[in-house]
Q: 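So that we are looking at the same thing, I have put the structure below in structure tokens.
Below, chains carry the letters A, B, ... as their sequence lines are ordered, and counting in each starts from 1. Because the structure is a prediction, the values reported are computed rather than measured.
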Amino acid sequence: MADYSNLEKVRLEKIAKLKELGIDPYPRRVDKTHSVQEVIDLFLADEGASEEIEIQAVLVGRIRSVRPMGKVTFAHIEDGTGRIQLFFRANDIGEEQLAFFKDHFDLGDFIQASGKVFRTRTGELSLWVSEFKMAAKAITPLPAAKDQEVDGEIVSHATLTDPETRYRQRYADLAVNPDVREVFRLRTKTIRAIQHFMDSKGFLEVETPILQPIYGGAAAQPFTTHHNQLKQELFLRISFELYLKRLLVGGFDKIYEIGRDFRNEGVSFKHNPEFTQMEFYWAYADYWAVMDLTEEMLAFVVQEVLGSKTFVYKDHEINLDKPWQRVELRQGILEKTGIDINDHKTGAELAKAMKSLAMEFNPKASRGKLIDDLLGQYLEPTFIQPTFVYDYPREISPLAKTTPDDPNTVERFEGFIGGMELCNAFSEINDPIDQEERFLEMGRSYSSVEDEHHPLDEDYLRAMRYGMPPNGGFGMGVDRLVMLLANQQTIREVLLFPHLRDS
RNA sequence: GGCCCGCUAGCUCAAUUGGCAGAGCAAUUGACUCUUAAUCAAUAGGUUGUAGGUUCGAUUCCUAUGCGGGUCACCA
């Protein structure tokens, strides 16, 4: 039995009264003829015509405001398409029915109302109610006191703002905060736009296993699980990479996947334990081609979703026009810190050079890790406008091909927008022997410093031995892209149900 | 995991030096036939996140703890 508040007890009594009257507070069916938006469109299209047609409609929606005025009552209802005013008058429905409405209907209830569409004396488009019935009774009041509509904008008063309640009870948040609903519409549009673009370029969308016996493709701690009947330990994937590249071996030249990755790591404004990733693999392309495609894709997505090549994030106007700024990692670090990473071939040497910098770091970290620290500290926050950083250290990129002139540097780039890493791509290793060595290198380096180890995926190497076309691969955090497009500063605002501790 | 901030009525927020825990909206009752944060009058609503401690007295001070937020660490 739930612990009901006083407000809820009042509503439970109303439910009991309805039942006494033989009225089902939760009827199985409603007789809706139009959505709110349909009725508005119909009325506006007809309005001003020489012969106006009376529009009769049965609407169903949630009551968002009620203004009883004696023998007349106004209310606003809202469905998924919009909001419209209801007009009840004792002359039409009788005083008993009007009293019945006032006594048994509350904010948050769903109501079915029949009547004709008209404009009130103040000009508001409304439904002149001739009949109504309960469509679904609410027990808990919505956590917003009242809404008003001003020039088409819905202004909420004393709205729900507490982040904890908003995330834990997202249904209530969505019900009362239309701008939150808008963010999630934008999210879906973003994913659709990515799909449209990739499809138009001839890429095939595929699905690969989420439950994996061996995880890989990224450096992250996995979630583990277990298959009871098979008595098999399984991991939730941390990336799609190794499965998608198996498909290159199988003869799919252009493939992509949009789906959920799971990483057992800290939670922050840009990290959620489960997040949406988009990866593509493109046979016969290298990282330069991937870079070009990335520019084209993001320009398309932004245009499709926002109708513009530019958008505002925080206080910045971000411009997605091609080409993006391109910064070689070594050059970028040299300019910002005066350190030429090529002059320091080991982690210890680089750490020594970094002592003059005002930043904290682990002096025992590997050279690659230190370079990544420098990137994160000195470059990443400055890349507000779209920027590619390219040519990364070999040791933090075990799946990327080396550059032709330096075995310690790989053909890899990351894309940054709004001071945040958005995507990561490289010319993928397709030499199975090289790949095996690189896996083994990682095994060594990881057992010494970091606590992560990556099981060697022998089946992946076997696949590669059958012959893998040269290819470029790409991964992008979709949540982060949505953060940018929706101008949201935390990933929780673009996840319907962000991860929270048990309450 | 470290540090900082927050947690008071259904929602948004007050509460002086430690001195009777308040307001607006929502709710209840009444008035009101074109309102729109309707208005007006009245009523009710609280284990101040939880558990301890100091004190004559704790929303306030102290300790522990839960949850949330920020930040740092972690996150090729």
Q: Would you mind classifying the nucleic acid contact of A:Lys9 as base, sugar-phosphate or nothing, using non-hydrogen atoms under 4.0 angstrom?
A: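 Nothing: the residue A:Lys9, judged by heavy atoms under 4.0 Å, touches no strand.
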Q: May I ask you to decide whether A:Asp457 forms a salt bridge with A:Arg246, counting only side-chain N to carboxylate O separations under 4.0 Å?
A: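 Salt bridge flag = yes for A:Arg246 with A:Asp457.
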Q: Look at the side chain of A:Leu160 and decide which nucleotide, out of B:C11, B:G70, B:G69, has an atom nearest to it.
A: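 For the A:Leu160 side chain, the nearest candidate turns out to be B:C11.
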Q: Check the phosphate of B:U28 against A:Lys102, side-chain N and O only, distance under 4.0 Å to OP1 or OP2. Yes or no?
A: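 No.
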Q: Distance check: side-chain N/O of A:Arg501 vs OP1/OP2 of B:G68, anything under 4.0 Å?
A: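 Yes, A:Arg501 has a side-chain N/O under 4.0 Å of OP1/OP2 on B:G68.
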Q: Determine: side-chain N/O of A:Arg168 to OP1/OP2 of B:G68, distance under 4.0 Å, yes or no.
A: yes
Q: Salt bridge check, A:Glu13 against A:Lys9: does any charged N sit closer than 4.0 Å to a carboxylate O?
A: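 Between A:Glu13 and A:Lys9 there is no salt bridge, as every charged N stays at least 4.0 Å from the carboxylate O atoms.
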Q: Does any nucleotide pair with B:A27 by Watson-Crick or G-U wobble geometry, both distances under 3.5 Å, and what is it?
A: B:U43
Q: Categorize A:Arg11 for me: base, sugar-phosphate, or nothing, with a 4.0 angstrom heavy-atom threshold over every strand shown.
A: nothing
Q: Nearest whole angstrom, please: distance from the P of B:C34 to the CE of A:Met69.
A: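 Going from A:Met69 (CE) to B:C34 (P), I get 5 Å.
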Q: Expressed as a whole number of angstroms, how long is the span from A:Glu124:CD to B:A37:P?
A: 10 Å
Q: Counting heavy atoms from C-beta on, name the nucleotide in B:C34, B:U28, B:G70 closest to the side chain of A:Arg492.
A: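 Of B:C34, B:U28, B:G70, B:G70 is nearest to the side chain of A:Arg492.
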Q: If you look at every strand shown and take non-hydrogen atoms under 4.0 Å, does A:Phe87 touch a base, only sugar-phosphate, or nothing?
A: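 Since a base atom lies under 4.0 Å of A:Phe87, the category is base.
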Q: Could you go through the side chain to side chain donor-acceptor pair (under 3.5 Å) check for A:Lys245 and A:Tyr460 one step at a time?
A: CA-CA 9 Å; A:Lys245 284 196 283 189; A:Tyr460 175 63; 3.3 Å; yes
Q: Whole angstroms only, please: what is the CZ-P distance between A:Arg170 and B:G68?
A: 14 Å
Q: Which of these nucleotides, B:C75, B:A76, B:G70, is closest to any side-chain atom of A:Glu265?
A: B:C75
Q: Can a donor-acceptor pair under 3.5 Å be found between the side-chain atoms of A:Thr122 and the base atoms of B:U35?
A: yes
Q: Could you state the atom-to-atom distance from CD of A:Glu421 to P of B:C75 in whole Å?
A: 13 Å
Q: Give a yes/no answer on whether the side chain of A:Lys369 brings an N or O atom under 4.0 Å of OP1 or OP2 in B:C75.
A: yes
Q: If you go through the side-chain atoms of A:Thr120, does one of them form a donor-acceptor pair with the base of B:U35 closer than 3.5 Å?
A: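 Such a pair is found, so the answer is yes.
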Q: I need the CD-C1' distance between A:Gln377 and B:C75, as an integer number of Å.
A: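 Taking atom C1' of B:C75 as the reference, CD of A:Gln377 is at 15 Å.
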Q: Could you let me know what B:A14 is paired to, Watson-Crick or G-U wobble, both distances under 3.5 Å, or none if it's on its own?
A: none
Q: Figure out the CH2/C1' separation between A:Trp128 and B:U33, and round it to whole Å.
A: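 Interatomic distance, CH2 of A:Trp128 to C1' of B:U33: 10 Å.
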